[in-house]
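Below, chains carry the letters A, B, ... as their sequence lines are ordered, and counting in each starts from 1.
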2 protein chains.
Amino acid sequence: MLSKKTKYGIKALSFMAKRKENTPIQISVIAESEKISLKYLEAILLTLKKAGILSSKKGKGGGYYLLKKPKEIKMSFIMRTLEGPIAMVPCVSLNYYEKCDDCPDEVSCSVHKLMIEVRDASLKIFNNRTLEDLLK
Amino acid sequence: MLSKKTKYGIKALSFMAKRKENTPIQISVIAESEKISLKYLEAILLTLKKAGILSSKKGKGGGYYLLKKPKEIKMSFIMRTLEGPIAMVPCVSLNYYEKCDDCPDEVSCSVHKLMIEVRDASLKIFNNRTLEDLLK
DNA sequence: TATTACCCTACTTAAACCATAGGGTAATAG
DNA sequence: CTATTACCCTATGGTTTAAGTAGGGTAATA
């Protein structure tokens with residue numbers, strides 16, 4: 001299941017990408033428009049800022065703004081930042097690899113290969129789709 | 001993330017499919033071999049039985065056995081039975097459709113279309129892979 | 001008829017998710 | 001300089017789900 005965190009994050013980013021000018025936009029504006037809890041959205045945007053997707057400006061007239069063009073923001077990066085690993089099991093994750101504690105041998109594991117297939121299929125989509133693609 | 005429930009279920013089914021004869025096999029044998037909690041595995045196999053994948057025989061010499069040939073058991077059915085919806089959001093689920101409460105309009109939702117793509121890619125894999133494929 | 005092994009219900013623990021509350025702090029306008 | 005704005009950070013709690021445990025019931029078989 002996609003978490004609300006990720007969903008809200010994508011919606012907020014889409015909202016920002018949709019605007020004509022990339023001027024700072026207040027959290028409260030996005031929260032109201034997209035019907036997201038203000039405080040929760042604060043935390044999400046902060047995460048995206050730390051990841052390098054967003055930057056912010058303080059004080060009057062301040063707010064958040066995109067650091068890159070929507071076309072340059074891959075969905076795979078957004079997904080990893082908010083949702084975590086794209087793979088369904090840690091033992092096939094490219095960025096968050098971890099050995100399964102219940103698996104003595106990955107090669108003979110019946111689940112392993114199947115999950116690699118699924119990961120590759122998902123990754124293919126997330127790598128080839130950018131924030132811009134979502135606006136259409 | 002793939003739940004342990006699903007992972008254990010697939011491992012148990014693979015174990016059964018790997019045997020030469022489809023004679024009843026005791027839960028305890030599978031649990032030991034695959035290092036799965038006995039009681040937990042009981043619940044999982046019961047679910048698979050109710051779904052029509054397995055059947056069981058009581059009394060001495062009893063146990064669980066496959067109702068179909070491994071070749072005839074699609075991974076998509078196993079996944080739906082144990083893991084639930086294959087889609088990442090309810091609003092793009094084929095078998096468990098539900099409207100998103102935070103989404104006024106699916107058509108204009110930026111997440112919707114992306115998740116349909118991901119669902120289709122995953123489904124393509126799960127529909128074209130059977131239990132037999134996992135044994136290789 | 002005793003044994004075997006499935007069947008069922010309820011409970012516990014731990015973790016993650018989804019917020020909410022409240023204040024701190026930096027930047028800006030005037 | 002100072003008040004305001006709006007981001008920044010920490011802590012806390014409710015809810016849900018996953019994962020596993022406990023204990024006994026019941027049907028089938030040798």
Student: Expressed as a whole number of angstroms, how long is the span from Leu2(B):CG to dT17(D):C1'?
Tutor: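 Rounded to whole Å, this separation is 15 Å.
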Student: Could you tell me how far apart Ile25(A) (CD1) and dT5(D) (P) are, to the nearest whole angstrom?
Tutor: 17 Å
Student: Any chance CD of Glu32(A) has more than 12 other-residue heavy atoms, nucleotides or ligands included, within less than 6.0 Å?
Tutor: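 Incorrect, the count does not exceed 12.
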Student: Are any of Tyr8(B)'s side-chain N or O atoms less than 4.0 Å away from OP1 or OP2 of dG20(D)?
Tutor: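 Indeed, a polar side-chain atom of Tyr8(B) lies that close.
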Student: Among dA26(C), dC9(D), dT21(D), which nucleotide has an atom closest to any side-chain atom of Lys58(A)?
Tutor: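 Minimum distance to the Lys58(A) side chain belongs to dA26(C).
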Student: Which atoms form the tightest heavy-atom contact between Glu34(A) and Phe15(A), and what is the distance?
Tutor: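 The pair with the smallest heavy-atom distance is OE2-CD1, 3.4 Å.
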Student: Both Ser3(A) and Lys57(A) contact DNA chain C. Which one's nearest nucleotide lies toward the 5' end?
Tutor: Ser3(A)
Student: Quick one: which of dC8(D), dT21(D), dC6(C) gets closest to the side chain of Tyr40(B)?
Tutor: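 Output: dT21(D).
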Student: Can you see if the side chain of Ser37(B) gets near the phosphate of dA19(D) - specifically, an N or O under 4.0 Å from OP1 or OP2?
Tutor: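 For dA19(D), neither OP1 nor OP2 has a side-chain N or O of Ser37(B) closer than 4.0 Å.
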Student: Classify the nucleic acid contact of Lys4(A) as base, sugar-phosphate or nothing, counting any heavy atom under 4.0 Å across all strands shown.
Tutor: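 Sugar-phosphate contact only - Lys4(A) comes under 4.0 Å of backbone atoms but never of a base.
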Student: dA27(D) P sits how many Å from Lys49(B) NZ, rounded?
Tutor: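 After rounding, the reported distance stands at 12 Å.
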Student: Between Met88(B) (CE) and dC17(C) (P), how many Å, whole number?
Tutor: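 Interatomic distance, CE of Met88(B) to P of dC17(C): 12 Å.
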Student: Counting only Watson-Crick pairs (N1-N3 plus N6-O4 or O6-N4) and G-U wobbles (N1-O2, O6-N3), all under 3.5 Å, who is the partner of dA28(D)?
Tutor: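 Across all strands, the one nucleotide that pairs with dA28(D) is dT3(C).
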Student: When rounded to the nearest 0.5 angstrom, what is the spacing between OG in Ser55(B) and NZ in Lys68(B)?
Tutor: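 Here the interatomic distance stands at 13.0 Å.
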Student: For Lys50(B) and dC7(C), give me the distance from atom NZ to atom P, rounded to whole Å.
Tutor: 9 Å
Student: What is the distance from CE of Met1(A) to P of dC18(C), rounded to the nearest Å?
Tutor: 11 Å
Student: Name the nucleic acid region contacted by Leu45(A), choosing base, sugar-phosphate or nothing; use a 4.0 angstrom heavy-atom cut-off, strictly under.
Tutor: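 The answer is nothing, as Leu45(A) stays clear of every strand by at least 4.0 Å.
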Student: Between Glu83(A) and Lys5(A), is there a salt bridge with N-O shorter than 4.0 Å?
Tutor: no
Student: Given dT21(D), dT20(C), dC7(C), identify the nucleotide with an atom nearest to the side chain of Lys39(A).
Tutor: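 In terms of side-chain proximity for Lys39(A), the closest of dT21(D), dT20(C), dC7(C) is dT20(C).
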Student: In whole angstroms, how far is the P atom of dA19(D) from the NZ atom of Lys7(B)?
Tutor: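 From Lys7(B) NZ to dA19(D) P: 11 Å.
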Student: Looking only at side-chain atoms of Lys60(B), point me to the closest of dT20(C), dT4(C), dC6(C).
Tutor: dT4(C)
Student: Flag the pair Arg129(B) and Glu117(A) as a salt bridge only when some basic side-chain nitrogen lies within less than 4.0 angstrom of an acidic carboxylate oxygen.
Tutor: yes
Student: Rounded to whole angstrom units, what separation is found between the NZ atom of Lys35(A) and the P atom of dA19(C)?
Tutor: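 Result: 15 Å.
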Student: Between Leu38(A) and Gln26(B), which is nearer to the 5' end of DNA chain C once each is assigned its nearest nucleotide?
Tutor: Gln26(B)
Student: With respect to the side chain of Tyr64(B), which nucleotide from dC7(D), dC6(C), dA19(C) is positioned closest?
Tutor: dC6(C)
